[in-house]
2 protein chains.
Amino acid sequence: MRRTRGPHSVSTTPTVYDVAERSGVSIATVSRVYRNPDSVRAQTRERVLAVARDLGYVPSGNARGLASRSTGVLGLCFPDYSDPDAESEAEAGAGGHGDEADDEAAMLYSDQIIRGMERAARRHGYALLIAASLKGGPESLVAKVAGRVDGFAVLARTVPTEELEVISRRQPVVMLAGPRESNDLDHLDHIEVANADGQRELTRHLIEDHGLRRLAYVGFAEESPDVEARFRGYVEACRAAGIEVGAEPDLRVAMMTQAEGARAAEALLDRPGERPEALLFANDQMAVGALHTLDRRGLRVPQDVAVTGFDGIALSRLVRPALTTVRQPMRRMGEEAVELLVRRLSDRAQGKTEDPVSMTLPVSVARRASCGCRAA
Amino acid sequence: MRRTRGPHSVSTTPTVYDVAERSGVSIATVSRVYRNPDSVRAQTRERVLAVARDLGYVPSGNARGLASRSTGVLGLCFPDYSDPDAESEAEAGAGGHGDEADDEAAMLYSDQIIRGMERAARRHGYALLIAASLKGGPESLVAKVAGRVDGFAVLARTVPTEELEVISRRQPVVMLAGPRESNDLDHLDHIEVANADGQRELTRHLIEDHGLRRLAYVGFAEESPDVEARFRGYVEACRAAGIEVGAEPDLRVAMMTQAEGARAAEALLDRPGERPEALLFANDQMAVGALHTLDRRGLRVPQDVAVTGFDGIALSRLVRPALTTVRQPMRRMGEEAVELLVRRLSDRAQGKTEDPVSMTLPVSVARRASCGCRAA
DNA sequence: ATGAAAGCGCTAACAC
DNA sequence: GTGTTAGCGCTTTCAT
């Protein structure tokens, strides 16, 4: 016995030792009661449980994890995706000023993934640890998460791939929505959506079904493989229809927010030459911003200009006209991520080693009012 | 030195010992490099960091937590709130069959709270561990979460209060949306919303502003303080207007789902006597279900019957007619929960002890089409 | 500025 | 079925 406390010590949080002592068994038995109840005589078990209850004993997850080398927790790291504009509108809504862009309207990317992962994790008996990147921590976010989970998913561009590279030697990591970045020195599993396919199909729809030919594409200034893939799809559809397009989007914005989208629309409309028949945005938030601009300038959507987004966030259905967009199966992505992690974990437990997996989830075009498919 | 491995051992995940050995310092120094970088000479620090990097070293959260008695993680336990109906509709949407009740439409209660907590937690440098109750685990959900976090929030009715009672002696716990259950032996902090106020105000609106007097209220069969409070508000408003009401809701359903709401509407309409002018439901999902029923039976909302919900979930805005409801500030609740936990934690660190806090967040009535406030 | 050593609370052989 | 005994990988005085 390593330690003994008075019979009525209450100050510290109770441990196995306290429970063991008070119930007249060894710490091993206390441990068994929790880990493998059937291996303990019923009577003993009840006694231990009773003592535990009245002592307020809760097994320390840390100690457990340390001793058993596993935590029963999966993780998710995501970037601080918050759109300042969406935020403020949401705040206003919550404050009761308006009904406009509701609190709940702003359910973003990461929320969906969280939902998907949580569900799947629960099915497999795991809990989920979530953490958004916070700039300037001494220890990087991943390290913190990585150290507390059995495996985790990372939304692309949250963390330098190099760092993940290192960590993935230690535990399963799946990269979400990202690029399959590095070439070969890459142990990471990877799930992405068919960005190019989606944008291509949407563009084709605009061209063939609505007969539009003067299109303008708004992309992202930063390097982002997903966004680039979308643009690629756009270009392919245009070329296929014999419409000439440059190698670059008509405009690249610094942030993919509503404000930037609104500004982009201004810029595009103020450009000399014929007005575009359709404005295609690399995400929904920008498209929503553009809707504001067009409304303010007295242009009707879709009669005067069609507008499309990408992502299929909830907000895209709430705006008027409802936004035609490409829906990403983000929830499913979360679920698949967990399935992958769980499989990896059991592989490792059995000493198996399989090659990294890379899967692509299909997307679907949501034809709504902003392209002219439904009454505005 | 407790352990030594060959210079090129790669099999196991590296620890402080490995890093220390390879960089010619003690494990204490390695630890300092991460915990308190400035206390280590720059040159030493760089060397250690370099070795760590190429070894793929990540500090074990478990070991850290065990040694330092804190995890840097806050938790949230919530019940498996999933509405089977909403689920299936969502699945259909995700599968691409329809645009109807979108995946994202189904953003529920818990999602909002998660969002709020995550944001606030991040601000304070914490990560968030989330876990929904899974029936029939050997160890209860809470115990698992409790053992891995510094403090946590629990959605009411997820866990027996008694169990929380015990745990709260050990770490801060805040009860969400619940009742202030026990009487005095209660150390738990507690955040609720003004259920009665909201329902009273909504009811008053129906009576005074729309001149309705034949109302029917649909409640919940299970014991639920929140839902009871809503009913209480309803009763108060009726009495204040001189409308007679019984001590019981006109109907109590077994589950607060869309299907049950639809059934409840049937039942109410089939009742002998004059048809009610308004159907008030204890939550949005039931109200949405009722909308289906009324539509199928050819009754117009709000002309023939007004319908109201409670909660303000995203779906409430998407249905036609949009649902008049009482919006709960669920996101804010999550934020407040974290603030409370963080405060408690710092109190404990300083040896302070304060009385349990109980706060009530205000709600607001969202007047939409289903009560006649806007064009349907 | 750095090292030595004592735990943190639990699990997992291995004995009995 | 139950007890003994090593660790698990880190933080943290206390020395130096």
Side-chain angles (χ1 to χ4, degrees), chain A residues 1-5 12-21 23-48 52 55-72 139 143-144 146-148 150 170-171 349, chain B residues 1-5 12-21 23-48 52 55-72 139 143-144 146-150 170-171:
Chain A
M1 201 165 299
R2 192 191 40 171
R3 174 181 80 172
T4 306
R5 277 206 297 246
T12 325
T13 70
T15 73
V16 269
Y17 291 95
D18 302 307
V19 177
E21 190 182 350
S23 44
V25 299
S26 73
I27 60 165
T29 298
V30 175
S31 176
R32 286 190 192 102
V33 165
Y34 288 88
R35 302 279 310 167
N36 193 355
D38 297 327
S39 73
V40 177
R41 191 159 35 112
Q43 185 187 328
T44 316
R45 192 195 320 141
E46 294 314 325
R47 186 155 32 96
V48 170
L55 240 39
Y57 169 73
V58 177
S60 150
N62 284 326
R64 275 187 144 159
L66 187 54
S68 67
R69 302 144 161 303
S70 87
T71 64
E139 302 190 37
K144 181 170 180 182
R148 312 200 75 72
D150 293 340
R170 190 185 193 275
Q171 65 191 199
Chain B
M1 201 165 298
R2 191 192 42 170
R3 176 180 77 172
T4 307
R5 279 206 294 247
T12 325
T13 70
T15 73
V16 268
Y17 291 94
D18 302 307
V19 177
E21 190 183 350
S23 44
V25 300
S26 73
I27 62 165
T29 298
V30 175
S31 176
R32 286 190 190 102
V33 166
Y34 287 90
R35 302 280 310 169
N36 193 355
D38 297 328
S39 73
V40 177
R41 189 158 38 108
Q43 183 189 329
T44 316
R45 192 195 319 141
E46 293 315 324
R47 186 156 31 98
V48 170
L55 240 39
Y57 168 73
V58 177
S60 150
N62 285 325
R64 272 177 124 130
L66 186 53
S68 67
R69 302 142 162 303
S70 87
T71 64
E139 302 189 38
K144 180 170 181 183
R148 313 202 74 76
V149 302
D150 293 339
R170 190 185 194 276
Q171 64 190 206

Task: Between Y34(B) and Y57(B), ring centroids under 6.0 Å - done: yes
Send over the distance from [X] [atom1] to [N] [atom2], rounded to a whole Å.
X: R47(B); N: dT2(C); atom1: CZ; atom2: P; value: 8 Å
X: Y17(B); N: dG7(D); atom1: OH; atom2: P; value: 11 Å
X: R35(A); N: dA13(C); atom1: CZ; atom2: P; value: 11 Å
X: K144(A); N: dC10(D); atom1: NZ; atom2: C1'; value: 16 Å
X: R69(A); N: dG7(D); atom1: CZ; atom2: P; value: 12 Å
X: N36(A); N: dA13(C); atom1: CG; atom2: P; value: 13 Å
X: R148(A); N: dG9(D); atom1: CZ; atom2: P; value: 15 Å
X: R32(A); N: dG9(C); atom1: CZ; atom2: P; value: 21 Å

Open item on the list: Is T15(A) close enough to dG9(C) that one of its side-chain N or O atoms is under 4.0 Å from OP1 or OP2 there?
Closed with: no
- [ ] Kindly say if S31(A) contacts the phosphate of dC10(C), meaning a side-chain N or O under 4.0 Å from OP1 or OP2.
- [x] no
Between [options], which nucleotide gets closest to the side-chain atoms of [X]?
X: R64(B); options: dT2(D), dT11(D), dC8(D); value: dT11(D)
X: L66(A); options: dT11(D), dA4(C), dG9(C); value: dG9(C)
X: A67(A); options: dT11(D), dG9(D), dC10(C); value: dC10(C)
X: I27(B); options: dG9(C), dT11(D), dT2(C); value: dT11(D)
X: V16(A); options: dC10(D), dT2(D), dG9(C); value: dG9(C)

- [ ] With heavy atoms under 4.0 Å as the rule, sort T29(A) into base, sugar-phosphate or nothing.
- [x] sugar-phosphate
TODO: Could you tell me whether V25(A) contacts a base, only the sugar-phosphate backbone, or nothing, with contacts defined as non-hydrogen atoms closer than 4.0 Å?
DONE: sugar-phosphate
Open item on the list: Is it the case that the side chain of K144(A) and the backbone of G61(B) share a donor-acceptor pair, with hydrogens and angles ignored and the cut-off at 3.5 Å?
Closed with: no
Open item on the list: Strictly distance-based, threshold 3.5 Å: is any side-chain N or O of R64(A) a donor or acceptor partner for the main-chain N or O of P59(A)?
Closed with: no
- [ ] Kindly indicate whether the side chain of R148(B), heavy atoms from C-beta on, has any atom under 4.5 Å from the side chain of T71(A).
- [x] yes
Task: Test item: V149(B) and Q171(B) side chains (from C-beta on) under 4.5 Å apart, heavy atoms - done: yes
Open item on the list: Return whichever of D38(B) or S68(B) has its heavy-atom-nearest nucleotide of DNA chain C closer to the 5' end.
Closed with: D38(B)
Task: DNA chain C: 5'-proximal contact among A28(B) and N62(A) (nearest heavy atom) - done: A28(B)
TODO: Assess whether one donor atom and one acceptor atom, taken from the side chain of Y34(B) and the base of dC10(D), lie less than 3.5 Å apart.
DONE: no
